[in-house]
Amino acid sequence: MMNTIEIRIRGTVQGVGFRPFVYRLARDCSIKGWVQNTPEGVVIEAEAPGDHLEVFMRRFQEDLPPHCIIETLAKKEIPPRGFKSFEILPSDTKGEQTTLVLPDMATCQECLREIFDIQDRRYLYPFTNCTHCGPRYSIIESLPYDRANTSMKHFQMCPLCQKEYEDPLDRRFHAQPNACPVCGPWLQLWDAQGRVLAVHGQAMEKTAKFLKQGAIVAVKGLGGFHLMADATDENTLQLLRRRKNRPHKPLAVMFPSLAAIENVCKVSGFEKRLLVSAQAPIVLVRKKEDSPSIAPSVAPDNPYVGAMLACMPLQHILLYLCQSAVVATSGNISDEPICIDNQEVLTRLDGIADYFLVHNRPIVRQVDDSLLQEVQQGPYFLRRSRGFAPLPVKMPLRSKGILAVGAHQKNTVALSLERSAIISQHIGDLDTKESIDVFERTVESLRQIYSSPLREVICDMHPDYTSSRYAKDLQVPVVTVQHHQAHVASCLAEHGIEDSVLGVCFDGTGYGEDGTIWGGEFFKNEGNEFKRVAHFRLFPLPGGEIAISQPRRCALGLLYVLGHGNLEPFTDLACMKSFSLQEVGIIKKMLSRNINTPMTSSMGRLFDAISSLVGLCHKTTFEGQAAMALEFQAEGNHVAQGYPYAVMSDTVHKDCLVIDWADMVSGVVDDVRRGVTLGQIAAKFHYTLIEIIVDVASRVGENKVVLTGGCFQNKILTEGTIGRLKQKGFVPFWHSQIPPNDGGIALGQIWLSARRKAPCV
Ligand code: ZN
Ligand code: ZN
Ligand code: FE
């Protein structure tokens with residue numbers, strides 16, 4: 001007796017070798033019928049006698065290809081069709097778009113073997129890929145995922161490639177970017193004026209030679225250009241830093257192999273798995289005490305190095321030719337988006353790169369390298385981009401048609417689908433015209449790819465954010481969400497938490513409900529609303545925005561309060577000495593007359609202030625610099641006691657607690673004067689913050705504690721808090737799929753808005 005079924009699958013099922021998998025399995029199980037890509041996903045009709053279909057379905061679940069993610073699977077019996085064979089039908093392009101776009105995937109082992117096999121026709125071919133690896137999101141223009149809808153559309157496959165592409169039993173069956181030296185993209189090496197110096201393999205050989213000689217080369221990668229330089233050459237790296245106007249921020253390093261990383265760094269088992277994964281992210285790993293093989297300028301005064309492995313054949317071959325590690329930092333000027341275009345790169349990186357290694361496979365959108373560290377033996381994102389974006393985060397909420405535009409820094413945007421949210425690649429700080437352009441294009445392309453009618457757009461409460469203004473210009477209902485509540489919500493979304501929690505948000509700055517700048521916040525969620533149950537005592541920020549890059553101004557703000565309007569008692573401290581007498585006079589005037597001096601409860605600024613108070617960092621050239629310096633000092637120092645602090649109740653909102661830092665700051669000042677080591681002071685400060693979190697959790701009486709906000713990029717703070725909370729019987733939650741920083745805001749915005757409309761299901 002014949003049985004016939006129809007299976008409809010949604011999820012990440014295009015571009016992962018899904019149809020060939022179904023095809024092979026169907027043949028194995030003697031199933032007749034067809035499989036087809038549609039805008040919604042994949043549809044299968046299968047017909048077979050007896051229990052063949054059951055075997056098919058079981059093996060289907062068990063043998064699913066590695067990068068395939070099934071969101072939903074609907075199966076129903078249909079009338080017999082009388083199929084004669086099993087076929088792969090041409091894609092159906094009509095209907096609503098719900099299939100998921102795949103992220104770019106690092107070169108697989110089989111492709112790697114081919115490019116280093118001198119007998120293989122793809123020997124040293126820099127654009128080798130197959131259905132298990134290669135570019136996806138960075139080349140997709142629209143769905144369904146077919147070659148004609150990618151930036152590979154202009155390359156006509158040669159007969160050999162075409163044969164692979166059409167053979168359901170081949171690893172390259174329907175591998176859309178399939179290419180070889182005969183028919184695929186190729187390389188050119190340009191000098192700074194764009195004159196061609198070499199092509200094909202010679203371009204790579206020359207690039208390797210130039211790198212060895214100390215040149216800085218812009219190399220086109222998967223999701224954008226890198227600036228590459230020999231990681232062992234201190235002079236070149238200093239030159240790169242000067243040219244890029246990036247004096248201190250750590251530079252990522254691409255190593256030729258895992259073994260090469262292990263020569264220089266201590267790498268844990270988990271970190272190894274991350275490094276060699278198909279996502280091939282940058283992983284923060286600890287440098288060995290004296291690792292002479294990378295130059296000090298890679299990451300000055302930093303015990304970690306951002307290490308990664310090559311993610312495309314071009315990089316594998318280049319690193320093989322160099323035989324040593326290269327710095328691979330994003331090809332941009334300061335915080336602008338990375339360059340992706342061959343012509344544009346010549347002008348934008350003019351004066352920075354000596355040479356340009358370019359190719360003619362266009363990059364459709366910028367996809368930066370992802371950046372992770374290990375926290376509690378698990379992944380912890382600092383930047384979620386290549387390899388992960390645009391994969392969705394699951395949400396147990398029906399929330400279709402919501403666009404969230406994120407905040408201002410480290411911007412990402414998110415679009416809600418049926419029961420998940422697509423989070424965009426890292427866009428960056430929306431400070432420049434270039435980044436605002438990328439922001440707008442990202443929103444438009446997500447909307448277009450998922451052809452999503454918008455019901456609602458969510459933005460930050462800050463009225464002046466570019467993202468907020470953009471949201472208000474769309475002809476769609478707008479909802480504003482408070483910044484730190486969105487942070488907490490992002491962690492709730494990740495974990496699917498519906499119960500009440502204590503949400504701890506230690507962050508840089510965000511617009512508060514009362515118009516002050518928030519950032520050291522504790523919330524309790526009751527139903528779908530967040531209540532601020534505690535916050536750090538406010539302190540003044542003389543100079544407002546300027547104070548963000550001048551921790552010493554934050555320090556003076558604290559001291560001014562501590563000295564009851566008098567800075568005289570603190571003239572011996574380094575933060576005071578870093579100013580001229582005249583400057584101190586001006587700042588004091590600003591403080592006393594309240595000129596351009598907003599009040600803040602920001603934990604980020606408190607970290608900055610302490611970092612300056614102890615004399616570590618008075619001015620910064622990148623975000624987080626002062627706090628990182630303090631964290632690195634604290635490492636390895638154990639303390640049994642923190643500084644004193646007081647808990648009071650808010651004068652206006654009586655049921656809200658205020659954490660008074662005054663005694664703590666006095667304690668720090670005393671320790672500095674007594675000559676206590678920086679390490680001890682820094683460790684004591686971290687310890688105090690951890691105790692405060694536990695204290696507030698006890699007072700509020702919430703068992704579940706959510707840790708979020710930019711300050712939780714600090715590993716000592718995060719792991720210390722998790723450990724202490726567990727010890728005291730609390731249940732801590734932290735991020736593992738999205739960053740604790742503003743890169744996670746968009747997801748939180750969607751969650752909060754969806755939560756207000758629909759209960760969890
Ligand atoms: Zn492959
Ligand atoms: Zn070919
Ligand atoms: Fe934030």
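All ligand and atom numbering here is 1-based and tracks the order in the structure.
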- Tally, protein N/O/S atoms nearer to the Zn ion (ligand 2) than 2.8 Å: 4
- Task: State whether the number of non-hydrogen atoms from other residues, nucleotides or ligands found under 6.0 Å of Glu166 atom CD is greater than 12.
- Result: yes
- More than 12 foreign heavy atoms under 6.0 Å from OH of Tyr320: is that the case here? no
- Query: CZ of Phe539 to OG of Ser602: how many Å apart, nearest 0.5 Å?
  - Reply: 6.0 Å
- Task: Enumerate the protein N/O/S atoms at a distance below 2.8 Å from the Zn ion (ligand 1), ignoring waters.
- Result: Cys108 SG, Cys111 SG, Cys130 SG, Cys133 SG
- Item | Any side-chain heavy-atom pair of Leu541 and Met599 under 4.5 Å | no
- Query: Do His483 and Asp742 come within less than 4.5 Å of each other through their side chains, counting heavy atoms only?
  - Reply: yes
- Which word best sums up how the rings of His484 and Trp518 line up, parallel for under 30°, tilted for 30 to 60°, or perpendicular for over 60°? parallel
- Message: Angle between ring planes, His462 versus Tyr465, binned at 30° and 60°: parallel, tilted or perpendicular?
- Response: parallel
- Would you name the N/O/S atom of Asp742 that lies closest to the Fe ion (ligand 3)? OD1
- So does Glu164 pair up with Arg122, basic N to acidic O under 4.0 Å? yes
- Query: Under the ring-ring contact (aromatic ring centres under 6.0 Å, His included) criterion, do Phe607 and Phe506 qualify, and how do the steps go?
  - Reply: CA-CA 10 Å; Phe607 260 95; Phe506 284 1; 8.2 Å; no
- Check whether any side-chain N or O of Arg136 sits under 3.5 Å from a backbone N or O of Pro103 as a donor-acceptor pair, and report yes or no. no
- Message: Taking N, O or S atoms only and a limit of 2.8 Å, check whether His487 reaches the Fe ion (ligand 3).
- Response: yes
- Query: Rounded to 10 degrees, what angle sits at the Fe ion (ligand 3) between His483 NE2 and Asp507 OD2?
  - Reply: 90°
- Query: Knowing that exactly one of Val504, Ile659, Leu502 qualifies, which makes a side-chain contact (heavy atoms from CB on, under 4.5 Å) with Ile693?
  - Reply: Val504
